[in-house]
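Lettering follows sequence order; numbering is per chain, from 1.
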Number of protein chains: 2
Amino acid sequence: MAQISNLSSSLEDYLEIILQLVQEQGEARAKDIAQRKSVRMASVTGALKRLTAEGLISYQARESVTLTKAGEELAGRILGRHEFIARFLHEILGVDGETASRDACAIEHVISLESLDRLAGFVEYLKLCPEVDELLISRFLSCYNMGCKRVAGGRGEKPKECNSTCPRGFHDRAVKIFSRKAGVIQLSELKPGDRARVVSVRGSVIIRQRLIDMGVLPGAQLEMQRVAPLGDPIDIKLKGYHLSLRKIEAATISVERV
Amino acid sequence: MAQISNLSSSLEDYLEIILQLVQEQGEARAKDIAQRKSVRMASVTGALKRLTAEGLISYQARESVTLTKAGEELAGRILGRHEFIARFLHEILGVDGETASRDACAIEHVISLESLDRLAGFVEYLKLCPEVDELLISRFLSCYNMGCKRVAGGRGEKPKECNSTCPRGFHDRAVKIFSRKAGVIQLSELKPGDRARVVSVRGSVIIRQRLIDMGVLPGAQLEMQRVAPLGDPIDIKLKGYHLSLRKIEAATISVERV
DNA sequence: GAACTAAGTTAGCCATCCCTAACAGTCTTG
DNA sequence: CAAGACTGTTAGGGATGGCTAACTTAGTTC
Ligand SMILES: [Mn+2]
Ligand SMILES: [Mn+2]
Ligand SMILES: [Mn+2]
Ligand SMILES: [Mn+2]
């Protein structure tokens, strides 16, 4: 049961593919549907029966599929969502086109309309905002990709020179925090004397705000000072200051040894 | 099979919940897991067996669950993703906290790490960009919500006065394009003389670029002039100009009668 | 028109993941 | 310590959505 229709994600995808095929080729054949969805034809037959039962398509065995009025309406909406999400990922964030489309085709079934509307509004706002000139996106992309290369280039390597438009400090912050597979540990795992860089700060807004106020931001360097016997409190040194964190706070901080 | 682990979304959620419970209460009991996931206890038992088989948790019948090293690592990553997505939706886009968390808990399983990294980078960039002052987000939210009220207020109602920070034209564009349930039709469905507003332009980048160059943008008002017998070409009037669209182009345009 | 081929269907299998109902431990309490 | 309450497990069933294998239908070729 996807967020919007009362169909499963799988059936929504079938419907979407049918609309695409009708638009592109005038008709949708079982074989082409199977190919696009990377499933066997036997699976398509089953799906077409379920869609027929829902009144979204009209088809008779061995004939090509057509969308009913309701099916066309729904398929168009799903496709619209898909295309907006893919465009956001590709054109704004610079995600590779194929990955963007794959992600979009998964997200489209689960994101709420509220989030989607707000995302659309945000994109629109950035484009229209007088303080954000139209080059923002391309400058972000060039800056991000520079950072990408640096991270991808290996550990010991020197960072590439960044172009002049990168905001000060951008590359010092942990930009690629999710794809970092290994080496990310909990703050509490550090031993006295260990130096590390903050990767992410999780937890409730209250805890996070307090930590951020103290300077515990992604990218910040710190040194473990002392861990009390039961892990509470934990003393760290950050930007020359000594901080004492409670166990519950420390548990929300992921770090990476430097 | 979620994008990152080789677990199903459901099992990733179980793991995430277990980590949360361990962090909050020191241990994870089957009953609490069932409650958080809104499933019956029998379902939990099954899930715990599968997670044990994957080596992610260690548990014996009727005892409380603990995470293995590998399980803790993975659960932490899933939770990190969840929290970042929820924070983006809530704190940047202004989505209601509960909706944001629900969306995040679905998106977290399907979004690629590439997209997530780039999203994190984009958020970071906006915060650090010298031309985008720190009030951008709050100004977007106040502006968007103003638009919200206007749209939600009903059709015939006068728009609320917008605060002075809204970019010129923001409210004229179709901001809430996804939650609009009814009344959105294809351009080709209009009859000569009908006036409509563009809701979205889909289709390939090439077609979209051409249409955008001609001024066919979301929010633009147009009037249908003439539809040739076979639907090709379609003549419309837009901002005083006459445009002739091919059928394939017109098919990518969704409009709303005004 | 028979033989072949490609497209599509049916039947039967399996995995996942939920459910209810019944049963089995464990804890509390009179 | 026995009864009852609570927690958790097992057994069995249903929906979904894949798969393979075998069959049917329809179109093409000789
Ligand atoms: Mn999809
Ligand atoms: Mn899609
Ligand atoms: Mn989830
Ligand atoms: Mn989650």
Side-chain angles (χ1 to χ4, degrees), chain A residues 1-18 21-22 25-66 74 78 102 105-106 108-110, chain B residues 1-18 21-22 25-66 74 78 102 105-106 108-110:
Chain A
M1 199 97 150
Q3 296 257 9
I4 304 98
S5 65
N6 52 349
L7 300 179
S8 65
S9 300
S10 179
L11 286 188
E12 283 194 352
D13 279 340
Y14 279 107
L15 207 58
E16 201 184 342
I17 287 168
I18 291 167
L21 287 170
V22 168
Q25 307 179 6
E27 60 169 4
R29 316 291 309 279
K31 194 197 167 194
D32 299 324
I33 297 170
Q35 201 200 326
R36 289 235 176 164
K37 192 150 198 287
S38 301
V39 296
R40 302 291 170 165
M41 285 224 301
S43 307
V44 174
T45 304
L48 293 181
K49 281 179 185 168
R50 276 175 281 146
L51 287 173
T52 304
E54 295 289 334
L56 297 168
I57 61 172
S58 118
Y59 108 108
Q60 279 152 334
R62 277 163 236 272
E63 307 220 337
S64 70
V65 184
T66 54
L74 181 54
I78 298 166
R102 205 169 345 103
C105 206
E108 69 192 5
H109 309 289
V110 299
Chain B
M1 200 99 152
Q3 296 258 7
I4 303 98
S5 66
N6 51 348
L7 300 179
S8 65
S9 300
S10 179
L11 287 188
E12 283 194 353
D13 279 340
Y14 278 108
L15 206 59
E16 199 184 343
I17 288 168
I18 291 166
L21 287 170
V22 168
Q25 307 179 6
E27 60 170 3
R29 316 292 310 280
K31 192 196 167 197
D32 299 323
I33 297 170
Q35 200 199 326
R36 288 236 178 163
K37 192 149 196 292
S38 301
V39 296
R40 301 294 170 160
M41 285 223 301
S43 307
V44 174
T45 304
L48 294 181
K49 281 178 185 169
R50 277 175 282 149
L51 287 173
T52 304
E54 295 288 332
L56 296 167
I57 62 171
S58 115
Y59 107 109
Q60 281 152 333
R62 276 163 237 276
E63 307 222 334
S64 70
V65 184
T66 53
L74 180 54
I78 297 166
R102 206 170 342 104
C105 207
E108 69 192 5
H109 309 288
V110 298

Review point. Contact class for B:A47 vs. all strands (heavy atom < 4.0 Å): base, sugar-phosphate, or nothing?
Key: nothing
Review point. Rounded to whole angstroms, how far apart are CD on B:Q60 and C1' on C:dT26?
Key: 16 Å
Check your understanding: Is the phosphate of D:dG8, meaning OP1 or OP2, less than 4.0 Å from a side-chain N or O of B:R29?
Key -> yes
Check your understanding: Is A:S8 touching bases, backbone alone, or none of the nucleic acid, heavy atoms closer than 4.0 Å?
Key -> sugar-phosphate
Review point. Yes or no on side-chain contact (heavy atoms from CB on, under 4.5 Å) for B:L7 and B:L74, after CA distance, side-chain angles and deciding distance?
Key: CA-CA 10 Å; B:L7 300 179; B:L74 180 54; 3.9 Å; yes
Review point. How close or far is atom C1' of D:dC6 from atom CD of B:E63, stated in whole angstroms?
Key: 17 Å
Revision key, fill the gap. Taken to the nearest 0.5 Å, the spacing of A:Q60 CD from A:T52 OG1 works out to 9.5 Å
Practice item. Measure the distance from CE on A:M41 to C1' on D:dA21 and round it to the nearest whole Å. Key: 14 Å
Practice item. Whole angstrom is fine here: how far is it from CG in B:L51 over to P in C:dT16? Key: 12 Å
Check your understanding: What do the steps show when you test A:I78 against A:D13 for side-chain contact (heavy atoms from CB on, under 4.5 Å), and what is the final call?
Key -> CA-CA 8 Å; A:I78 298 166; A:D13 279 340; 5.6 Å; no
Exercise for review: Let me know the distance between CE of B:M1 and P of C:dA15, rounded to the nearest Å.
Suggested key: 16 Å
Exercise for review: Take the protein atom CG of A:L11 and the nucleotide atom P of D:dT16, then report the distance between them rounded to whole Å.
Suggested key: 8 Å
Study note, to complete from the structure: Among C:dA11, C:dC19, D:dG8, the one nearest any side-chain atom of A:A42 is C:dA11
Point to revise | Protein-nucleotide distance (B:K37, atom NZ; C:dC18, atom C1'), rounded to Å | key: 9 Å
Practice item. To the nearest Å, give me how far apart NZ (B:K31) and P (C:dT26) are. Key: 18 Å
Review point. Closer than 4.0 Å, any side-chain N/O of A:K49 to the OP1 or OP2 of C:dT9?
Key: no
Check your understanding: Which part of the nucleic acid, if any, lies within contact of B:T45, taking any heavy atom under 4.0 Å across all strands shown: a base, the sugar-phosphate backbone alone, or nothing?
Key -> base
**Study point:** Reported CD-to-SG distance for the pair A:E16 and A:C105, which is rounded to 0.5 angstrom
**Key:** 4.5 Å
Point to revise | Worked verdict on B:L48 versus B:Y14 for side-chain contact (heavy atoms from CB on, under 4.5 Å) | key: CA-CA 8 Å; B:L48 294 181; B:Y14 278 108; 5.8 Å; no
Practice item. Kindly point out which of C:dT20, C:dC18, C:dT9 is positioned nearest to the side chain of B:R40? Key: C:dT20
Study note, to complete from the structure: Rounded to the nearest 0.5 Å, the CG atom of B:L21 sits from the NZ atom of B:K31 at a distance of 12.0 Å
Exercise for review: Evaluate the side-chain contact (heavy atoms from CB on, under 4.5 Å) criterion for residues A:L51 and A:L11: first the C-alpha distance (whole Å), next the side-chain angles of each, then the deciding distance (0.1 Å), finally the verdict.
Suggested key: CA-CA 7 Å; A:L51 287 173; A:L11 286 188; 4.2 Å; yes
Would you tabulate the pairs of protein nitrogen or oxygen atoms and nucleotide nitrogen or oxygen atoms of nucleotides 23-29 of chain D closer than 3.5 angstrom?
{"from": "D:dT24", "atom 1": "O2", "to": "A:R62", "atom 2": "NH1", "distance (Å)": "3.2"}

Practice item. Please state whether the phosphate of D:dT16, meaning OP1 or OP2, lies under 4.0 angstrom from any side-chain nitrogen or oxygen of A:Y14. Key: no
Review point. Is the distance from OP1 or OP2 of C:dC18 to the nearest side-chain N or O of B:S10 less than 4.0 Å?
Key: yes
